[in-house]
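In what follows, a single structure is set out as structure tokens and then discussed.
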Amino acid sequence: MPELPEVETVRRGLAQRVTGEQITSVWFSNKPQPFKSPPHEIAQVLQGARISGVQRAGKHIVIELDADVLTPPSGSAAAGTSSPALKRSAAKAVRKTTAARAQRQDGAEHPQCIVHLGMTGALQVTSPDAVILKHTHAILRLASGKEIRFVDPRRFGRIWVTRGFQTVGLEPLNTGFDTFAALFRQRKTPIKSALLNQKLLRGVGNIYADESLFRAGIRPRRRASSLARQELQHLHKAVQRVLREAIAAGGSSISDYFDVEGEPGLFQTRHRVYGREGQPCFRCTTAIKRIVVAGRGTHYCPKCQR
DNA sequence: ACTATGTCCTGCGAGC
DNA sequence: TGCTCGCAGGACATAG
């Protein structure tokens with residue numbers, strides 16, 4: 001399940017391997033779910049565009065494009081089939097795109113392709129003769145011959161195009177303590193739910209929420225507003241440390257996560273609580289407990305976390 | 001304004 | 001062995 005460290009790993013791999021490349025053509029599967037913009041619109045934006053960089057915002061990958069490098073031949077855009085579901089989401093996407101629009105200084109925003117990997121999504125950078133995996137939903141063919149492929153068995157991932165992409169929530173690694181603490185002071189929801197809320201902090205998911213709470217010594221069900229200043233300080237440090245360490249390890253490979261070269265991450269070997277129900281706590285040997293918070297499997301040490 | 005819950009989707013492992 | 005069933009969860013819709 002890609003969270004901030006996995007998405008950052010993918011971003012780095014993409015940036016290194018496809019920056020400066022031109023997209024010559026695109027292909028989409030006819031499964032409707034992964035596309036928030038209609039495929040023909042995505043194709044129209046991508047085809048002929050040059051990739052000027054790859055950014056990340058929370059769990060979103062933002063592929064920056066220079067348009068008008070080459071005007072796409074009209075009517076030649078490849079696209080998958082349409083469907084009622086796609087048309088409904090199309091109207092919605094247009095409204096969101098308009099709402100998200102933000103003026104750059106020169107007044108001409110460049111287009112962007114946004115990718116969210118969901119639960120099981122992966123981006124590959126491959127040669128064209130590499131075997132096309134089952135559940136491949138999009139292929140961007142590049143001028144060098146390389147391909148960017150979006151693979152997602154469970155189809156919780158999303159791809160769309162926009163300009164001036166903005167999303168709410170704070171980047172946890174760029175947030176100081178006072179701003180961090182202010183997010184939680186008034187909230188009655190369990191601290192774990194608050195950590196998962198992307199409108200507050202963006203990028204923390206189920207694994208890193210559990211791991212951060214363990215390192216901070218805080219029980220997942222504690223009301224966010226009940227945390228003392230010192231506990232919030234521990235949590236702030238723990239979130240940043242866990243995310244930084246996980247990025248350094250190339251992320252955690254639990255479900256179907258692989259980086260753009262198909263390599264798994266290594267951080268799962270350093271999980272203290274996630275996926276360790278019944279096993280001894282590394283700090284005190286008490287058996288790790290598993291409960292459900294916010295509908296998510298939640299792991300903690302009943303002795304070390306209070 | 002918050003908070004809680006249901007929904008989507010497929011692969012996999014438990015259980016018989 | 002081969003089958004069914006339930007679980008896994010990020011983001012969003014909907015209900016309270």
Side-chain angles (χ1 to χ4, degrees), chain A residues 1-8 10 29-37 56-62 83-86 88-93 95-97 99-100 114-123 133-138 150-160 162 165-169 172 182-212 220-226 243 251-258 264 268 271 273-278 290-299:
Chain A
M1 49 212 78
E3 305 178 26
L4 187 152
E6 292 76 31
V7 176
E8 177 61 21
V10 169
S29 76
N30 52 19
K31 298 274 191 178
Q33 284 80 359
F35 307 113
K36 272 172 79 170
S37 310
R56 179 187 60 75
K59 300 175 191 172
H60 297 276
I61 292 164
V62 182
S83 75
L86 272 179
R88 280 196 303 276
S89 70
K92 204 178 291 180
R95 286 196 299 274
K96 283 196 178 177
T97 301
I114 314 298
V115 181
H116 193 297
L117 299 174
M119 275 285 295
T120 55
L123 285 171
L133 298 176
K134 194 179 174 185
H135 306 300
T136 297
H137 300 301
F150 177 68
V151 187
D152 185 9
R154 224 167 288 183
R155 282 189 278 145
F156 279 19
R158 292 292 182 267
I159 297 179
W160 70 101
T162 186
F165 178 70
Q166 291 182 0
T167 185
V168 291
L183 295 175
F184 304 113
R185 283 204 180 107
Q186 302 289 77
R187 302 199 173 260
K188 292 177 184 157
T189 198
I191 185 62
K192 160 118 181 202
S193 302
L195 287 174
L196 293 177
N197 184 346
Q198 302 296 298
K199 292 186 168 71
L200 303 179
L201 279 187
R202 61 191 198 198
V204 177
N206 202 41
I207 294 173
Y208 298 107
D210 282 7
E211 293 297 317
S212 298
R221 281 219 175 101
R222 286 275 303 279
R223 303 270 152 200
S225 57
S226 79
L243 294 176
S252 303
S253 289
I254 290 293
S255 182
D256 302 60
Y257 169 73
F258 293 95
Q268 66 279 7
H271 292 172
V273 288
Y274 186 84
R276 299 195 63 245
E277 181 186 11
R290 183 185 181 280
I291 58 176
V292 174
V293 179
R296 302 290 171 254
T298 298
H299 314 72

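Reminder, nothing fancy here: chain letters follow the sequence lines and each chain counts from 1. Just so it is clear, the values below take in all heavy atoms, side chains as well, and ignore hydrogens, waters and symmetry mates.
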Rounded to whole Å, the CZ-P distance (A:Arg154 to C:dC7) equals 14 Å

Comparing nearest nucleotides in DNA chain B, the 5'-proximal residue of the pair A:Arg155, A:Pro190 is A:Pro190

query: Within the structure, does a side-chain N or O atom of A:Thr189 lie under 4.0 Å from either OP1 or OP2 of B:dC2?
result: no

- Query: Just wondering, do A:Val7 and A:Ile61 contact through their side chains at under 4.5 Å, heavy atoms?
  - Reply: yes

side-chain contact (heavy atoms from CB on, under 4.5 Å) test vs A:Ser193 passes for just one of A:Leu196, A:Asn197, A:Leu195, A:Thr189, namely A:Thr189

Stacking between A:Phe156 and C:dA11, defined as ring centres under 5.5 angstrom apart with planes under 30°, is that present or not? no

Regarding the side chain of A:Pro153, the nearest nucleotide among C:dG9, B:dA4, B:dG11 is B:dG11

When rounded to whole Å, the NE2 to P distance for the pair A:His60 and C:dG10 reads 13 Å

In whole angstroms, the gap separating P of C:dA11 from CG of A:Leu195 amounts to 14 Å

*Describe the nucleic acid contact of A:Lys134 in one word from base, sugar-phosphate, nothing, applying a heavy-atom distance below 4.0 Å.*
sugar-phosphate

- With a 4.0 Å cut-off on heavy atoms, is A:Arg296 in touch with a base, just the backbone sugar-phosphate, or nothing at all? base

Whether the side chain of A:Asn206 engages the backbone of A:Gly297 through a donor-acceptor N/O pair (distance < 3.5 Å, no angle test) should be reported.
yes

Notebook entry, point to check: Is a side-chain N or O of A:Arg223 found less than 3.5 angstrom from the main chain of A:Lys188, in a donor-acceptor match?
Noted result: yes

Considering only heavy side-chain atoms of A:Arg223, the closest of B:dA4, B:dT10, B:dC2 is B:dA4

- Looking at A:Lys59, does any N or O in its side chain come under 4.0 Å of the phosphate oxygens OP1/OP2 on C:dA11? yes

Between CG of A:Leu4 and C1' of C:dG10 the distance, given in whole Å, is 14 Å

Within the pair A:His116 and C:dA11, is there a side-chain N or O less than 4.0 Å away from OP1 or OP2? yes

Considering only heavy side-chain atoms of A:Gln198, the closest of B:dC9, C:dG9, C:dA11 is C:dA11

From NZ of A:Lys199 across to P of B:dA1 the rounded distance in Å is 13 Å

_Students often get this wrong, so: under 4.0 angstrom with heavy atoms, is A:Gly297 touching a base, only sugar-phosphate, or nothing?_
sugar-phosphate

Mind checking whether A:Phe150 and A:His137 have parallel, tilted or perpendicular rings, split at 30° and 60°?
-> tilted

So what does A:Arg158 hit on the nucleic acid, given a heavy-atom distance under 4.0 Å: a base, only sugar-phosphate, or nothing? nothing

In whole angstroms, the gap separating C1' of C:dG9 from CG of A:Asp210 amounts to 12 Å

| task | Check whether any side-chain N or O of A:Arg221 sits under 3.5 Å from a backbone N or O of A:Val292 as a donor-acceptor pair, and report yes or no. | result | yes

Heavy atoms under 4.0 Å, any strand shown: does A:Tyr208 hit a base, just sugar-phosphate, or nothing?
-> nothing

Rounded to whole Å, NE2 of A:His137 lies from C1' of B:dT10 at a distance of 10 Å

When rounded to whole Å, the CG to P distance for the pair A:Leu200 and C:dA11 reads 13 Å

